[in-house]
Asker: 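Before I ask anything, let me first share the structure, which is written out below as C-alpha coordinates.
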Protein chains: 2
Amino acid sequence: MMTIGEAAVASGVSAKMIRYYEETGLIPPAGRTASGYRTYGPKEVQILRFVRRARDLGFPMDKVADLLALWRDRTRASADVRRLAEAQIAALEARIREMEAMKATLSHLVQACAGDERPDCPILDELGGSPCRSAGG
Amino acid sequence: MMTIGEAAVASGVSAKMIRYYEETGLIPPAGRTASGYRTYGPKEVQILRFVRRARDLGFPMDKVADLLALWRDRTRASADVRRLAEAQIAALEARIREMEAMKATLSHLVQACAGDERPDCPILDELGGSPCRSAGG
DNA sequence: CTTGACCTTCCCATCATGGGAAGCCCCATA
DNA sequence: TATGGGGCTTCCCATGATGGGAAGGTCAAG
(Lines give C-alpha, C1' and ligand atoms only; values in the text may rest on other atoms or scores of the structure.)
Protein backbone atom coordinates (compact mmCIF):
# COMPACT_ATOMS: atom_id res chain seq x y z
CA MET A 1 0.00 0.00 0.00
CA MET A 2 1.30 3.42 -0.94
CA THR A 3 0.40 7.01 -0.21
CA ILE A 4 -1.01 9.35 -2.83
CA GLY A 5 2.43 10.85 -3.42
CA GLU A 6 3.95 7.47 -4.13
CA ALA A 7 1.04 6.54 -6.37
CA ALA A 8 1.54 9.82 -8.20
CA VAL A 9 5.18 8.99 -8.92
CA ALA A 10 4.34 5.41 -9.86
CA SER A 11 1.52 6.38 -12.22
CA GLY A 12 2.70 9.68 -13.61
CA VAL A 13 -0.49 11.38 -12.44
CA SER A 14 -0.06 14.26 -10.00
CA ALA A 15 -1.53 13.93 -6.52
CA LYS A 16 -3.72 16.91 -7.30
CA MET A 17 -5.17 15.18 -10.32
CA ILE A 18 -5.64 11.88 -8.50
CA ARG A 19 -7.83 13.66 -5.95
CA TYR A 20 -9.65 15.44 -8.75
CA TYR A 21 -10.31 12.21 -10.64
CA GLU A 22 -11.68 10.71 -7.46
CA GLU A 23 -13.84 13.73 -6.73
CA THR A 24 -15.37 13.69 -10.20
CA GLY A 25 -16.01 9.96 -10.06
CA LEU A 26 -13.62 9.01 -12.85
CA ILE A 27 -11.93 6.61 -10.45
CA PRO A 28 -13.44 4.98 -7.36
CA PRO A 29 -12.69 6.51 -3.94
CA ALA A 30 -9.36 5.35 -2.59
CA GLY A 31 -9.14 3.45 0.67
CA ARG A 32 -8.14 5.40 3.76
CA THR A 33 -5.86 4.78 6.69
CA ALA A 34 -7.20 5.30 10.20
CA SER A 35 -5.89 8.85 10.08
CA GLY A 36 -7.52 9.67 6.77
CA TYR A 37 -4.64 9.21 4.33
CA ARG A 38 -5.60 7.75 0.96
CA THR A 39 -4.04 4.37 0.20
CA TYR A 40 -3.22 2.87 -3.19
CA GLY A 41 -2.20 -0.60 -4.29
CA PRO A 42 -0.78 -1.82 -7.62
CA LYS A 43 -4.27 -2.19 -9.05
CA GLU A 44 -5.14 1.44 -8.36
CA VAL A 45 -1.83 2.57 -9.78
CA GLN A 46 -2.58 0.61 -12.93
CA ILE A 47 -5.91 2.40 -13.25
CA LEU A 48 -4.18 5.72 -12.85
CA ARG A 49 -1.63 4.80 -15.49
CA PHE A 50 -4.48 3.81 -17.80
CA VAL A 51 -6.08 7.20 -17.30
CA ARG A 52 -2.84 8.99 -17.93
CA ARG A 53 -2.13 7.17 -21.16
CA ALA A 54 -5.62 7.76 -22.42
CA ARG A 55 -5.25 11.45 -21.63
CA ASP A 56 -1.87 11.44 -23.38
CA LEU A 57 -3.70 10.25 -26.48
CA GLY A 58 -5.93 13.30 -26.22
CA PHE A 59 -9.11 11.61 -24.98
CA PRO A 60 -11.29 13.98 -22.97
CA MET A 61 -12.28 12.92 -19.49
CA ASP A 62 -15.69 11.55 -20.40
CA LYS A 63 -14.18 9.36 -23.12
CA VAL A 64 -11.55 8.17 -20.66
CA ALA A 65 -14.44 7.16 -18.40
CA ASP A 66 -15.95 5.21 -21.28
CA LEU A 67 -12.63 3.48 -21.94
CA LEU A 68 -12.28 2.63 -18.26
CA ALA A 69 -15.74 1.12 -18.23
CA LEU A 70 -14.92 -1.03 -21.24
CA TRP A 71 -11.63 -2.02 -19.66
CA ARG A 72 -13.41 -3.23 -16.56
CA ASP A 73 -16.10 -5.00 -18.57
CA ARG A 74 -14.79 -8.47 -19.37
CA THR A 75 -17.68 -9.03 -21.77
CA ARG A 76 -17.00 -5.93 -23.86
CA ALA A 77 -16.84 -6.04 -27.63
CA SER A 78 -13.53 -4.80 -28.97
CA ALA A 79 -15.57 -3.04 -31.63
CA ASP A 80 -16.78 -0.60 -28.97
CA VAL A 81 -13.23 0.22 -28.00
CA ARG A 82 -12.22 0.67 -31.59
CA ARG A 83 -15.15 2.97 -32.20
CA LEU A 84 -13.97 5.22 -29.40
CA ALA A 85 -10.45 5.24 -30.78
CA GLU A 86 -11.66 6.00 -34.28
CA ALA A 87 -13.81 8.84 -33.01
CA GLN A 88 -10.79 10.24 -31.22
CA ILE A 89 -8.76 10.00 -34.42
CA ALA A 90 -11.50 11.88 -36.23
CA ALA A 91 -11.56 14.55 -33.51
CA LEU A 92 -7.80 14.95 -33.75
CA GLU A 93 -7.98 15.19 -37.52
CA ALA A 94 -10.63 17.88 -37.31
CA ARG A 95 -8.55 19.99 -34.96
CA ILE A 96 -5.44 19.38 -36.99
CA ARG A 97 -7.26 20.55 -40.10
CA GLU A 98 -8.37 23.72 -38.33
CA MET A 99 -4.84 24.47 -37.27
CA GLU A 100 -3.44 23.67 -40.68
CA ALA A 101 -5.86 26.21 -42.12
CA MET A 102 -4.68 28.83 -39.64
CA LYS A 103 -1.11 27.99 -40.43
CA ALA A 104 -1.71 28.24 -44.17
CA THR A 105 -3.29 31.67 -43.83
CA LEU A 106 -0.47 32.87 -41.61
CA SER A 107 2.19 31.48 -43.93
CA HIS A 108 0.56 33.25 -46.81
CA LEU A 109 0.59 36.54 -44.90
CA VAL A 110 4.14 36.09 -43.68
CA GLN A 111 5.28 35.51 -47.22
CA ALA A 112 3.69 38.78 -48.28
CA CYS A 113 5.27 40.74 -45.43
CA ALA A 114 8.61 42.41 -46.07
CA GLY A 115 9.64 41.94 -42.46
CA ASP A 116 11.91 44.96 -42.40
CA GLU A 117 11.96 48.22 -40.46
CA ARG A 118 9.22 49.82 -42.54
CA PRO A 119 5.70 49.96 -41.08
CA ASP A 120 3.83 48.66 -44.14
CA CYS A 121 2.52 45.22 -43.26
CA PRO A 122 0.01 43.07 -45.14
CA ILE A 123 -0.53 41.02 -42.00
CA LEU A 124 -1.94 43.99 -40.11
CA ASP A 125 -3.76 45.11 -43.25
CA GLU A 126 -5.50 41.79 -43.40
CA LEU A 127 -6.42 41.76 -39.73
CA GLY A 128 -7.67 45.33 -39.76
CA GLY A 129 -9.21 45.31 -43.22
CA SER A 130 -12.84 45.65 -44.19
CA PRO A 131 -14.99 42.56 -43.85
CA CYS A 132 -15.70 41.94 -47.56
CA ARG A 133 -12.54 40.04 -48.38
CA SER A 134 -10.52 37.97 -45.94
CA ALA A 135 -8.30 34.93 -46.24
CA GLY A 136 -10.88 32.93 -44.34
CA GLY A 137 -13.54 33.35 -46.97
CA MET B 1 -22.91 55.17 -32.69
CA MET B 2 -24.17 51.69 -31.98
CA THR B 3 -24.99 49.63 -28.91
CA ILE B 4 -22.93 46.64 -27.82
CA GLY B 5 -25.39 44.28 -29.47
CA GLU B 6 -25.08 46.03 -32.81
CA ALA B 7 -21.31 46.15 -32.48
CA ALA B 8 -21.37 42.43 -31.72
CA VAL B 9 -23.23 41.70 -34.93
CA ALA B 10 -21.04 44.06 -36.94
CA SER B 11 -17.77 42.65 -35.60
CA GLY B 12 -18.58 39.00 -35.08
CA VAL B 13 -17.57 39.24 -31.42
CA SER B 14 -20.27 38.40 -28.88
CA ALA B 15 -21.41 41.11 -26.48
CA LYS B 16 -20.16 38.94 -23.63
CA MET B 17 -16.68 38.84 -25.12
CA ILE B 18 -16.64 42.54 -25.90
CA ARG B 19 -17.23 43.28 -22.23
CA TYR B 20 -14.62 40.73 -21.28
CA TYR B 21 -12.04 42.23 -23.63
CA GLU B 22 -12.72 45.62 -22.13
CA GLU B 23 -12.51 44.32 -18.59
CA THR B 24 -9.15 42.67 -19.23
CA GLY B 25 -7.76 45.76 -20.94
CA LEU B 26 -7.37 44.20 -24.36
CA ILE B 27 -9.47 47.01 -25.79
CA PRO B 28 -9.98 50.49 -24.33
CA PRO B 29 -13.15 51.17 -22.33
CA ALA B 30 -16.07 52.00 -24.58
CA GLY B 31 -17.83 55.33 -24.34
CA ARG B 32 -21.07 55.44 -22.40
CA THR B 33 -24.42 57.07 -22.87
CA ALA B 34 -25.90 59.11 -20.05
CA SER B 35 -27.70 56.02 -18.84
CA GLY B 36 -24.61 53.83 -18.85
CA TYR B 37 -24.96 51.99 -22.15
CA ARG B 38 -21.70 51.31 -23.97
CA THR B 39 -21.40 53.04 -27.35
CA TYR B 40 -19.37 51.93 -30.36
CA GLY B 41 -18.42 53.63 -33.60
CA PRO B 42 -16.93 52.21 -36.81
CA LYS B 43 -13.42 52.54 -35.39
CA GLU B 44 -14.24 50.42 -32.35
CA VAL B 45 -15.96 47.86 -34.52
CA GLN B 46 -12.83 47.67 -36.65
CA ILE B 47 -10.76 46.99 -33.55
CA LEU B 48 -13.16 44.24 -32.54
CA ARG B 49 -12.97 42.72 -35.99
CA PHE B 50 -9.18 42.83 -35.77
CA VAL B 51 -9.30 40.97 -32.48
CA ARG B 52 -11.67 38.40 -33.84
CA ARG B 53 -9.55 37.68 -36.90
CA ALA B 54 -6.41 37.38 -34.85
CA ARG B 55 -8.22 34.94 -32.53
CA ASP B 56 -9.44 33.02 -35.57
CA LEU B 57 -5.79 32.57 -36.51
CA GLY B 58 -5.19 31.01 -33.12
CA PHE B 59 -3.32 33.87 -31.46
CA PRO B 60 -3.75 33.83 -27.67
CA MET B 61 -5.06 36.98 -26.04
CA ASP B 62 -1.68 38.35 -25.03
CA LYS B 63 -0.38 38.01 -28.57
CA VAL B 64 -3.51 39.69 -29.87
CA ALA B 65 -2.69 42.54 -27.52
CA ASP B 66 0.81 42.71 -29.03
CA LEU B 67 -0.63 42.77 -32.52
CA LEU B 68 -3.07 45.50 -31.56
CA ALA B 69 -0.24 47.59 -30.16
CA LEU B 70 1.73 47.21 -33.37
CA TRP B 71 -1.35 48.02 -35.39
CA ARG B 72 -1.82 51.25 -33.49
CA ASP B 73 1.89 52.13 -33.72
CA ARG B 74 2.41 53.91 -37.00
CA THR B 75 6.19 53.70 -36.56
CA ARG B 76 6.25 49.92 -36.14
CA ALA B 77 8.64 47.74 -38.07
CA SER B 78 6.84 45.12 -40.12
CA ALA B 79 9.55 42.73 -38.96
CA ASP B 80 8.00 42.79 -35.50
CA VAL B 81 4.64 41.80 -36.89
CA ARG B 82 6.17 39.07 -38.96
CA ARG B 83 8.00 37.73 -35.94
CA LEU B 84 4.72 37.37 -34.08
CA ALA B 85 3.15 35.61 -37.03
CA GLU B 86 6.09 33.27 -37.40
CA ALA B 87 6.01 32.45 -33.70
CA GLN B 88 2.32 31.64 -34.03
CA ILE B 89 3.07 29.39 -37.00
CA ALA B 90 5.68 27.62 -34.90
CA ALA B 91 3.23 27.22 -32.02
CA LEU B 92 0.63 25.79 -34.36
CA GLU B 93 3.17 23.41 -35.85
CA ALA B 94 4.18 22.20 -32.40
CA ARG B 95 0.59 21.44 -31.43
CA ILE B 96 -0.10 19.86 -34.77
CA ARG B 97 2.92 17.62 -34.31
CA GLU B 98 1.69 16.56 -30.88
CA MET B 99 -1.70 15.69 -32.26
CA GLU B 100 -0.23 13.88 -35.24
CA ALA B 101 1.75 11.76 -32.81
CA MET B 102 -1.41 10.93 -30.88
CA LYS B 103 -3.18 10.14 -34.11
CA ALA B 104 -0.35 7.90 -35.28
CA THR B 105 -0.39 5.92 -32.04
CA LEU B 106 -4.15 5.58 -32.16
CA SER B 107 -4.14 4.55 -35.81
CA HIS B 108 -1.56 1.92 -35.01
CA LEU B 109 -3.71 0.56 -32.20
CA VAL B 110 -6.89 0.66 -34.22
CA GLN B 111 -5.21 -1.32 -36.97
CA ALA B 112 -4.26 -3.98 -34.45
CA CYS B 113 -7.76 -4.21 -32.99
CA ALA B 114 -10.13 -6.75 -34.49
CA GLY B 115 -13.13 -4.55 -33.77
CA ASP B 116 -15.57 -7.42 -33.44
CA GLU B 117 -17.75 -8.73 -30.64
CA ARG B 118 -14.88 -10.44 -28.83
CA PRO B 119 -13.39 -8.73 -25.77
CA ASP B 120 -9.71 -9.06 -26.73
CA CYS B 121 -8.44 -5.59 -27.52
CA PRO B 122 -4.86 -4.38 -28.03
CA ILE B 123 -6.02 -0.82 -27.45
CA LEU B 124 -7.06 -1.58 -23.87
CA ASP B 125 -4.00 -3.81 -23.49
CA GLU B 126 -1.79 -0.89 -24.39
CA LEU B 127 -3.55 1.55 -22.08
CA GLY B 128 -3.56 -0.86 -19.16
CA GLY B 129 -0.19 -2.46 -19.79
CA SER B 130 2.92 -2.33 -17.64
CA PRO B 131 5.00 0.83 -17.83
CA CYS B 132 8.14 -0.60 -19.46
CA ARG B 133 7.01 -0.29 -23.05
CA SER B 134 4.46 2.19 -24.34
CA ALA B 135 3.86 3.88 -27.64
CA GLY B 136 4.82 7.18 -26.08
CA GLY B 137 8.37 6.15 -25.30
C1' DC C 1 -48.01 53.84 -19.53
C1' DT C 2 -47.21 49.22 -20.80
C1' DT C 3 -44.56 45.80 -23.13
C1' DG C 4 -40.77 43.56 -24.84
C1' DA C 5 -36.22 43.77 -26.27
C1' DC C 6 -32.00 45.34 -24.93
C1' DC C 7 -28.61 46.97 -21.68
C1' DT C 8 -26.07 46.84 -16.99
C1' DT C 9 -23.47 44.17 -13.31
C1' DC C 10 -22.58 40.00 -10.87
C1' DC C 11 -22.10 35.14 -10.17
C1' DC C 12 -21.41 30.51 -11.91
C1' DA C 13 -19.90 26.80 -15.24
C1' DT C 14 -16.90 24.83 -18.44
C1' DC C 15 -12.02 21.59 -18.94
C1' DA C 16 -8.04 20.02 -16.77
C1' DT C 17 -4.62 21.58 -14.26
C1' DG C 18 -1.77 23.95 -10.79
C1' DG C 19 -0.77 27.02 -6.55
C1' DG C 20 -1.16 27.90 -1.98
C1' DA C 21 -2.96 28.23 2.93
C1' DA C 22 -4.25 26.13 7.31
C1' DG C 23 -3.96 22.33 9.88
C1' DC C 24 -3.05 17.36 10.95
C1' DC C 25 0.13 13.23 10.68
C1' DC C 26 4.26 10.43 10.47
C1' DC C 27 8.99 9.36 10.68
C1' DA C 28 13.63 10.21 11.85
C1' DT C 29 16.94 12.25 14.54
C1' DA C 30 18.89 14.52 18.51
C1' DT D 1 10.57 12.21 24.42
C1' DA D 2 10.61 16.35 21.92
C1' DT D 3 11.13 18.49 17.65
C1' DG D 4 11.52 19.40 12.87
C1' DG D 5 10.60 18.68 8.19
C1' DG D 6 7.99 16.84 4.83
C1' DG D 7 3.75 14.68 3.35
C1' DC D 8 -1.12 14.37 3.85
C1' DT D 9 -5.97 16.53 4.34
C1' DT D 10 -9.50 19.99 2.76
C1' DC D 11 -10.68 24.37 0.85
C1' DC D 12 -10.28 28.31 -2.10
C1' DC D 13 -8.45 30.59 -6.16
C1' DA D 14 -6.39 30.98 -10.85
C1' DT D 15 -5.81 29.91 -15.55
C1' DG D 16 -7.98 30.96 -20.92
C1' DA D 17 -11.83 32.05 -23.38
C1' DT D 18 -16.30 31.48 -23.57
C1' DG D 19 -21.24 30.99 -22.38
C1' DG D 20 -25.53 30.99 -19.27
C1' DG D 21 -28.49 33.19 -16.38
C1' DA D 22 -30.50 36.27 -12.67
C1' DA D 23 -31.83 40.85 -11.03
C1' DG D 24 -32.66 45.24 -12.28
C1' DG D 25 -32.43 49.59 -15.30
C1' DT D 26 -33.43 51.68 -20.11
C1' DC D 27 -35.29 52.54 -24.50
C1' DA D 28 -38.49 52.59 -28.32
C1' DA D 29 -42.80 51.43 -30.13
C1' DG D 30 -47.46 51.11 -29.43
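The sequence lines fix the lettering, A, B, ..., with proteins before strands; numbering per chain opens at 1.
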Asker: Atom CD of B:Glu23 and atom C1' of D:dT18: how far apart are they, to the nearest Å?
Answerer: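 Rounded to whole Å, this separation is 13 Å.
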Asker: Rounded to whole Å, please give me the gap between CZ in A:Arg38 and C1' in D:dC8.
Answerer: 9 Å
Asker: Please tell me which of B:Phe59 and B:Ala34 maps to the more 5' nucleotide of DNA chain D, matching each residue to the nucleotide holding its nearest heavy atom.
Answerer: B:Phe59
Asker: Touch check for B:Arg19, heavy atoms < 4.0 angstrom, all strands: base, sugar-phosphate only, or nothing?
Answerer: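 Base contact.
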Asker: Whole angstroms only, please: what is the OH-P distance between B:Tyr20 and D:dA14?
Answerer: 13 Å
Asker: Is any side-chain heavy atom of B:Phe50 closer than 4.5 Å to a side-chain heavy atom of B:Leu67?
Answerer: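 SC-SC contact between B:Phe50 and B:Leu67 confirmed.
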Asker: Base, sugar-phosphate, or nothing for B:Arg55, non-hydrogen atoms under 4.0 angstrom?
Answerer: sugar-phosphate
Asker: Can you give me the bend angle of the helix from C:dC1-D:dG30 to C:dA30-D:dT1? Use the axis through the first five pairs and the one through the last five, nearest 10 degrees.
Answerer: 30°
Asker: If you apply the rule salt bridge (Lys or Arg N to Asp or Glu O under 4.0 Å), what do you find for B:Glu126 with A:Arg53, and how did you get there?
Answerer: CA-CA 9 Å; B:Glu126 166 73 22; A:Arg53 289 190 191 155; 5.0 Å; no
Asker: Both A:Met17 and A:Ser35 contact DNA chain C. Taking the nearest nucleotide for each, which residue is further toward the 5' end?
Answerer: A:Met17
Asker: Side chains of B:Asp120 and A:Ser78 only: does a donor on one sit below 3.5 Å from an acceptor on the other?
Answerer: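 There is no such pair (donor and acceptor under 3.5 Å, judged by atom type) between the side chains of B:Asp120 and A:Ser78.
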Asker: Could you tell me the boundaries of the chain A footprint on DNA chain C, defined by atoms under 4.0 Å from its heavy atoms?
Answerer: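 The contacted stretch runs from C:dA16 to C:dC26.
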Asker: Restricting to non-hydrogen atoms, name the atom on A:Pro119 and the atom on B:Arg74 that form the minimum distance, rounded to 0.1 Å.
Answerer: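 The pair with the smallest heavy-atom distance is CB-O, 3.4 Å.
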Asker: Show your reasoning for whether salt bridge (Lys or Arg N to Asp or Glu O under 4.0 Å) applies to A:Asp66 and A:Lys63.
Answerer: CA-CA 5 Å; A:Asp66 293 344; A:Lys63 296 302 190 302; 5.4 Å; no
Asker: Quick check: are there more than 12 heavy atoms from other residues, nucleotides or ligands sitting under 6.0 Å from CZ of A:Arg95?
Answerer: no
Asker: Roughly, in whole Å, what's the span from CD1 in B:Ile18 to C1' in D:dA17?
Answerer: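 Rounded to the whole Å, the gap is 15 Å.
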Asker: When the distance from CE of A:Met2 to C1' of D:dG7 is rounded to whole Å, what number comes out?
Answerer: 14 Å
Asker: Would you say the side chain of A:Arg97 lies within less than 4.5 Å of the side chain of A:Glu100, judging by non-hydrogen atoms?
Answerer: no
Asker: Ignoring backbone atoms, test whether B:Ser14 places a side-chain nitrogen or oxygen under 4.0 Å from the OP1 or OP2 oxygen of D:dT18.
Answerer: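 No.
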Asker: Please determine whether any donor N or O and acceptor N or O are separated by less than 3.5 Å between the side chain of B:Tyr37 and the base of D:dG25.
Answerer: yes
Asker: In the structure I gave you, are the side-chain heavy atoms of B:Met99 and A:Met99 within less than 4.5 Å of one another anywhere?
Answerer: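 Side-chain contact under 4.5 Å: yes.
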Asker: Does OP1 or OP2 of D:dT10 have a side-chain N or O of A:Arg32 closer than 4.0 Å?
Answerer: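 True: A:Arg32 side-chain N/O within range (under 4.0 Å) of D:dT10 OP1/OP2.
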Asker: Can you check the A:Lys16 NZ to D:dG7 P distance for me, whole Å?
Answerer: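 Checked: the NZ to P distance equals 15 Å.
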Asker: A:Arg19 vs A:Glu23, test: salt bridge (Lys or Arg N to Asp or Glu O under 4.0 Å). Steps then yes/no.
Answerer: CA-CA 6 Å; A:Arg19 294 193 196 97; A:Glu23 187 194 323; over 6 Å; no
